[in-house]
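Contents: one structure, followed by commentary.
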Amino acid sequence: MALVRKGSRRITVDGVTYRWRLRGRPTYAQGMTWSPLTYAVEHAETPGTTLVITTDRSHPANWLASPTAPVLPAEVAAGIRTARARGWNPESPGAPFHLDR
């Protein structure tokens, strides 16, 4: 499934352009800080398999005012490099590739 373009950001990693997006509103479990923040990455020109990266922090819009930190482009780039090293092929179709950071 392709990412929604609205709200997505472009990032270039090792000469390849990707789009990444953080969910604007938290899920119920993220809002209650039961589950961590996740964001999705896909190839910008030929989207195939989506990379889903799970972080170790709360969603910024959680309902309990739990402290959190922003997702920085450097962190996204590092996640993309790690996923590529573990076999993620963003241009081929398939099930989402999950990476737990």
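- Thr33 pairs by the side chain to side chain donor-acceptor pair (under 3.5 Å) definition with nothing, not counting sequence neighbours.
- Taking all atoms of both residues into account, the shortest heavy-atom contact from Arg19 to Ala44 is CG-CB, 4.1 Å.
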Side-chain polar contacts of residues 91-101 - donor-acceptor pairs under 3.5 angstrom, sequence neighbours left out - could you list them?
residue : atom : partner : partner atom : Å
Glu91   : OE2  : His43   : NE2          : 3.0
Ser92   : OG   : Asn89   : O            : 3.3
Arg101  : NH1  : Thr82   : OG1          : 2.9

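- For the salt bridge (Lys or Arg N to Asp or Glu O under 4.0 Å) test, residues two or more places apart in sequence or in another chain that qualify with Arg10 are Glu45.
- Between Val76 and Leu72 the shortest side-chain heavy-atom distance does not fall below 4.5 Å.
- Take Tyr39 and apply the side chain to side chain donor-acceptor pair (under 3.5 Å) test, not counting sequence neighbours, and it matches no residue.
- Here Leu64 sits alone; no ILVMFWY side chain lies under 4.5 Å from its own, so it joins no hydrophobic cluster.
- Scanning all heavy atoms of the two residues, the minimum distance from Ser66 to Asn62 falls at N-OD1, 2.9 Å.
- Annotation: the span from Glu42 atom CD to Ser8 atom OG amounts to 7.5 Å, rounded to 0.5 Å.
- Both Val13 and Leu22 belong to a common hydrophobic cluster when Ile, Leu, Val, Met, Phe, Trp and Tyr are linked at side-chain heavy-atom distances under 4.5 angstrom.
- The salt bridge (Lys or Arg N to Asp or Glu O under 4.0 Å) analysis of residues 59-72, with sequence neighbours excluded, yields no pairs.
- In this structure Pro73 satisfies the side chain to side chain contact (heavy atoms under 4.5 Å, CB included) test together with Arg9, Ile11, sequence neighbours excluded.
- Take Asp14 and apply the salt bridge (Lys or Arg N to Asp or Glu O under 4.0 Å) test, not counting sequence neighbours, and it matches Arg81.
- With a 4.5 Å cut-off on side-chain heavy atoms, Leu51 and Tyr18 do not count as touching.
- Under a 4.5 Å side-chain heavy-atom cut-off, the cluster of Ile, Leu, Val, Met, Phe, Trp and Tyr residues that includes Trp63 is completed by Tyr28, Met32, Trp34.
- Residues that satisfy the salt bridge (Lys or Arg N to Asp or Glu O under 4.0 Å) test with Arg21, not counting sequence neighbours, are absent from this structure.
- Among all heavy-atom pairs drawn from Thr50 and Trp88, the shortest one is C-NE1, 4.1 Å.
- With sequence neighbours excluded, no residue forms a side chain to side chain donor-acceptor pair (under 3.5 Å) with Arg23.
- For Arg57, the side chain to side chain contact (heavy atoms under 4.5 Å, CB included) partners are Leu37, Thr55, Thr68, Ala69, Val71, Glu75, not counting sequence neighbours.
- Listed for the Gln30 side chain is a donor-acceptor partner under 3.5 Å among the backbone atoms of Pro36.
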